[in-house]
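Below: one structure, written as structure tokens.
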Amino acid sequence: MESPTAKLDRVVKEIADEMRQRPDRGEVASYIPELARVDASRFGLVVIDADGHVAAGGDSETPFSIQSISKVFTLTLALGKAGDRLWQRVGREPSGSAFNSIVQLEYERGIPRNPFINAGAIAITDLILSGHQPREALGEILRFMQFLADDDSITIDEAVAASEQRTGFRNAALANYMKSFGVLSNPVEHTLGVYFHHCAIAMSCRQLAMAGRFLAHAGRNPATGLTVVQKERALRINSVMLMCGHYDGSGEFAYRVGLPGKSGVGGGILAIAPGKASIAVWAPGLDANGNSHLGRVALEALTKRMGWSIFGA
Ligand code: GLU
């Protein structure tokens, strides 16, 4: 009889092989020029189970731009600072509109729908920045990622950050718009600088899956036994990921994959199988909603074969 670990290893390898052969890869993000240079044929998948076993397939060790996946970790940090007061600055409802939509922000008088659309993440970044210099706030975010992944080698890709800083006119519009409603406390350029840089953190699938372990295990890192956040908070971060983690593709992701997940325009997705595993996948080609196409296909196959959907095996 195949052991659960052997099954997981086999399934991950099978999926990596299947994805390598698929012709439908989506389109790499081009609105950030540096991301347009990434090779769309790359694919990586890492699953870390409750016992710490690492199942890896494809380009699992190659660092990529985590982009909006960083928003899960900035939300975690900001909740640590502000607690539930944070929800006065941003909502927690699915947006049903594009990740960089300005229309909704006007309707809702500068209060972003949720912490994962760009406006919401910029507001959260502003909260982390308050009382600090941009360099200190960024250092705090990076050190948190290194701590969670247990890996000091994680860095920021300065070329990606500079590329977005030069071209991030929409994000500048969102930030200025929120500033006009008094939602941001710091100078817009400072908040945006920290935001662009945390989006430009580069991590491999293995590092990202390591960093997500506390969300899979009710706030505790199972390897060290250390509590990162209280159980209730971890559960709630997962719920926001489920409802809002894929922008206006969140319903489709929940329908097909059945796990909380957060995508980034670098082509990564962090997905959480509560009590079972932390999962990171990377396939740079995106679908029309700006979510990794093959990343979603791979996660759908994984949850089906492992029986991991939160809606029932
Ligand atoms: N840094 C990107 C932006 O602000 C993040 C978007 C994403 O990854 O979905 O446009």
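When a ligand or atom number is given, it counts from 1 through the structure's own listing order.
- Using a cutoff of 4.0 Å between basic side-chain nitrogens and carboxylate oxygens, Arg22 and Glu18 are not scored as salt-bridged.
- No side-chain donor from either of Asp151 and Gln146 sits under 3.5 Å from a side-chain acceptor of the other.
- Arg256 has a carboxylate O that lies under 4.0 Å from a charged side-chain N of Glu300, or vice versa, which qualifies the two as a salt bridge.
- Phe181 and Tyr177 have perpendicular rings, their planes meeting at more than 60° on a 0 to 90° scale where under 30° would count as parallel.
- For the pair Arg92 and Trp87, the cation sits on the ring face: its NZ or CZ lies under 6.0 Å from the ring centre, inside 45° of the axis.
- Relative ring orientation between Phe214 and Phe73 is described as tilted, the plane-to-plane angle lying within the 30° to 60° band.
- Within 4.0 Å of ligand 1, contacts by protein heavy atoms are made from Tyr31, Gln67, Ser68, Phe99, Asn118, Glu164, Asn171, Tyr195, Cys199, Tyr247, Gly264, Val265.
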